[in-house]
Amino acid sequence: GRFLAYPGRQRRAAARLALILLFWLPGLALACQPVVERVLRAPEMPGAAQPPAEGWETTRLPDLWQKHSAPPAGATWYRLDWRYECPDQPVAVTVDHMVMAAQVYLNGDLLWQDASLVEPMSRNWNTPRYWLLPRSALATENTLMFRLVAPEHPGAGLGTVQFGPPEAMLALHAQQQWEQRGVATTSVFVSLVIAGLFLILWLLRREEQAFGWFALASIMWSIGLGNMLITSAWPFPSGDIWDRLSLIAFGLYCCAFCMFVWRFGTIRSPLACRLLWLGYCLVSLVIVSVPNAAIGNTQAACLVIYQLIFYAVCIQFIVHAWRTRLYDHRVLACCLFCFLLLGLYNLLA
C-alpha cells in the first residue's frame, strides 16, 4: 500500500532497485558456492590403509585407473581440496559412482564407508551417493578424501563429485538414482513379466518354439542386467563372479534372441545355429578361465562380439521380412530396426 502511495518517479526508482537486486542476489548465492581448487590421486602403500605421504598427482574426475601408466593393484586415494566462504550455510556432496568399495573422509574424519572393504567386498560401482556435510566439520579450506579399494577390477576409479546446496544436490542425486538404477530396475521387472507371459504361452503351445526362446532371452537379460543393481558379492565369495556370470548371461541372451528371430521368421539355418552355440560355449569357457586382471578386456571383446551378432541377425530378418511381405514379419522387422539404432547408439556411447 505504501509503495502504491509513492509518486510515480519514486515507484519507478524502487522498481529499478528491486530489478537490480533480483539479478544481484543470485550472484551473491553463487559467491558462496564451494570451489574445488584441485583434485589429486595417489596409490596407497601396501598395508598402510592411510593417505600416502608422497606420490600425489593431479587428475580429473571421473577417473579410471586403467588410463594411468601404472594402474594400482589394491587401493587408491583421491584428494579434493575445496574452498567454502560460507561455512555457516549447509552444503552437500554427491558422487555418481565409486568402484568398487570406498571410505570417505572430511577434513581427516571418517564421514562414511562401505559395509565391506575386503572380499567379499561391497559393490557400489553403479550406486550414486549423497551426504549432507556437518557444519561443525567445515572451514574455509576443506579436504574431502576417498579411499577406493578395487583389486583387479576392470572399471576401478572415482566418478564425478559435485558440491552444492542440499536441495540442489538432493535433486541431482534423485536424477542419478533414476538414470543408474531406476531404469535398470524397471527393465529387469518388465523383462521378467514378459518372460513369465511368454513362458506360459510356450507351455500351452509347445510347437511355438519362438515363445520359449523369447522367454529364455528375457530371463537372461534380467540376470545380466542384475549386475548393475547388486551391492554385495553374496552369495559368492568374490565379486568378480558376478562380472563373469553377467557376461555369460548376456551371451546366452544373444543366442536365445537369435533363435527367437529365426524361429519366428521360420528361417532354417542349421549351420548358423551350430556355429552360434559353438561360439557361445567357447566364449563362456574363456570367461570362466581368464584371470581377474583380464576381465576388462574380456568384457570389451564380448560386447563387440555380441553386438555384431545381434546386428547381423537383425539385418538378416529385416531383409527376410522385406521378401516375405508378411504382416507379423514386418512388425518385428520394424522393432528390430529400432533395436538396431539403439544398439548402435549404445555401442558408440
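Since we're looking at a predicted model, the values are computed, not measured.
- Of all heavy-atom pairs spanning S191 and S218, the tightest one is O-CB, 3.5 Å.
- The closest side-chain heavy-atom distance from H97 to T160 is not below 4.5 Å.
- A donor-acceptor pair under 3.5 Å is formed between the side chain of N107 and the backbone N or O of A137.
- Atom CH2 of W234 has 12 or fewer neighbouring heavy atoms from other residues, nucleotides or ligands inside a 6.0 Å radius.
- Within a 6.0 Å radius of CE in M45, other residues, nucleotides and ligands contribute 12 heavy atoms or fewer.
- Considering all non-hydrogen atoms of both residues, L80 and W82 come closest at O-CD1, 3.4 Å.
- Residues M259 and C273 have side chains in contact (heavy-atom distance under 4.5 Å, counting atoms from C-beta outward).
- Atom CZ of F236 has more than 12 heavy atoms from other residues, nucleotides or ligands within 6.0 Å.
- Heavy-atom contacts from other residues, nucleotides or ligands closer than 6.0 Å to CD of E207 number more than 12.
- Side-chain atoms of Q103 and L110, non-hydrogen and from C-beta on, do get closer than 4.5 Å to each other.
- When each of V39, L64, T76, L158 is checked for a side chain to side chain contact (heavy atoms under 4.5 Å, CB included) with T59, only V39 meets the rule.
- Between the OG atom in S122 and the CD1 atom in I230 there is a gap of 11.0 Å [rounded to 0.5 Å].
- For the pair W131 and V104, the minimum side-chain heavy-atom distance is below 4.5 Å.
- Aromatic ring centres of F146 and W77 lie farther apart than the 6.0 Å criterion allows.
- The shortest distance between side-chain heavy atoms of Q177 and H173 falls below 4.5 Å.
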Point to revise | Verdict with reasoning, R123 to D114, per salt bridge (charged side-chain N to carboxylate O under 4.0 Å, His left out) | key: CA-CA 9 Å; R123 296 175 57 83; D114 270 304; over 6 Å; no

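- For the atom pair M228 CE and T185 OG1, the distance stands at 9.0 Å (nearest 0.5 Å).
- Here the straight-line distance linking atom OG of S116 with atom CE of M100 works out to 12.0 Å at 0.5 Å rounding.
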Check your understanding: Yes or no on side-chain hydrogen bond (donor to acceptor under 3.5 Å, both in side chains) for Y84 and N142, after CA distance, side-chain angles and deciding distance?
Key -> CA-CA 8 Å; Y84 192 45; N142 301 277; over 6 Å; no

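- For the pair C302 and I287, the minimum side-chain heavy-atom distance is below 4.5 Å.
- In this structure, the side chains of L276 and Y280 stay at 4.5 Å or more apart for every pair of heavy atoms.
- Each of F264, Y253, F198 was scored for a ring-ring contact (aromatic ring centres under 6.0 Å, His included) with F214, with one residue passing: F198.
- The number of heavy-atom neighbours closer than 6.0 Å to CZ of R325, taken from other residues, nucleotides and ligands shown, is above 12.
- Counting only N and O atoms by type, the side chains of T324 and H329 include a donor and acceptor under 3.5 Å apart.
- Note that CG of L336 and CG of L341 are 11.0 Å apart. Values are rounded to the nearest 0.5 Å.
- Using a 4.0 Å cut-off between charged side-chain N and carboxylate O, D88 and R135 make no salt bridge.
- Atom CH2 of W277 sits in a crowded spot, with more than 12 heavy atoms from other residues, nucleotides or ligands closer than 6.0 Å.
- Among all heavy-atom pairs drawn from A294 and T298, the shortest one is O-OG1, 2.8 Å.
- Across G159 and L61, no two heavy atoms sit closer than the pair O-CB, 3.6 Å.
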Check your understanding: Can S238 and D240 be said to form a side-chain hydrogen bond (donor to acceptor under 3.5 Å, both in side chains), step by step?
Key -> CA-CA 6 Å; S238 62; D240 68 281; 2.6 Å; yes

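- For C314 against L340, the heavy-atom pair with the smallest separation is CB-CD1, 4.0 Å.
- Separation of atoms CD1 (I318) and CZ (R323) is listed at 13.0 Å; rounding is to 0.5 Å.
- With hydrophobic clusters built from ILVMFWY side chains whose heavy atoms lie under 4.5 angstrom apart, F339 shares a cluster with V188.
- The six-membered or imidazole ring of W221 lies near that of F250, with a centre-to-centre distance under 6.0 Å.
- With no hydrogens or angles considered, a side-chain donor-acceptor pair links W262 and Q316 at under 3.5 Å.
- Counting only heavy atoms from C-beta outward, the side chains of P270 and R274 approach each other to under 4.5 Å.
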Check your understanding: Between D81 and R79, is a salt bridge (charged side-chain N to carboxylate O under 4.0 Å, His left out) present by the stated rule, with each step listed?
Key -> CA-CA 6 Å; D81 294 329; R79 172 174 175 168; 2.8 Å; yes

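- No side-chain donor from either of N227 and R244 sits under 3.5 Å from a side-chain acceptor of the other.
- Heavy atoms only, all atoms of each residue included: R129 and M98 are closest at CG-CE, 3.7 Å.
- In the model, R181 has a side-chain atom that pairs as donor or acceptor with a side-chain atom of T127 under 3.5 Å.
- Remark: Y311 OH is packed, more than 12 non-hydrogen atoms of other residues, nucleotides or ligands lying under 6.0 Å away.
- One distance of note links CG of L303 with CG of L247; it measures 9.5 Å at 0.5 Å rounding.
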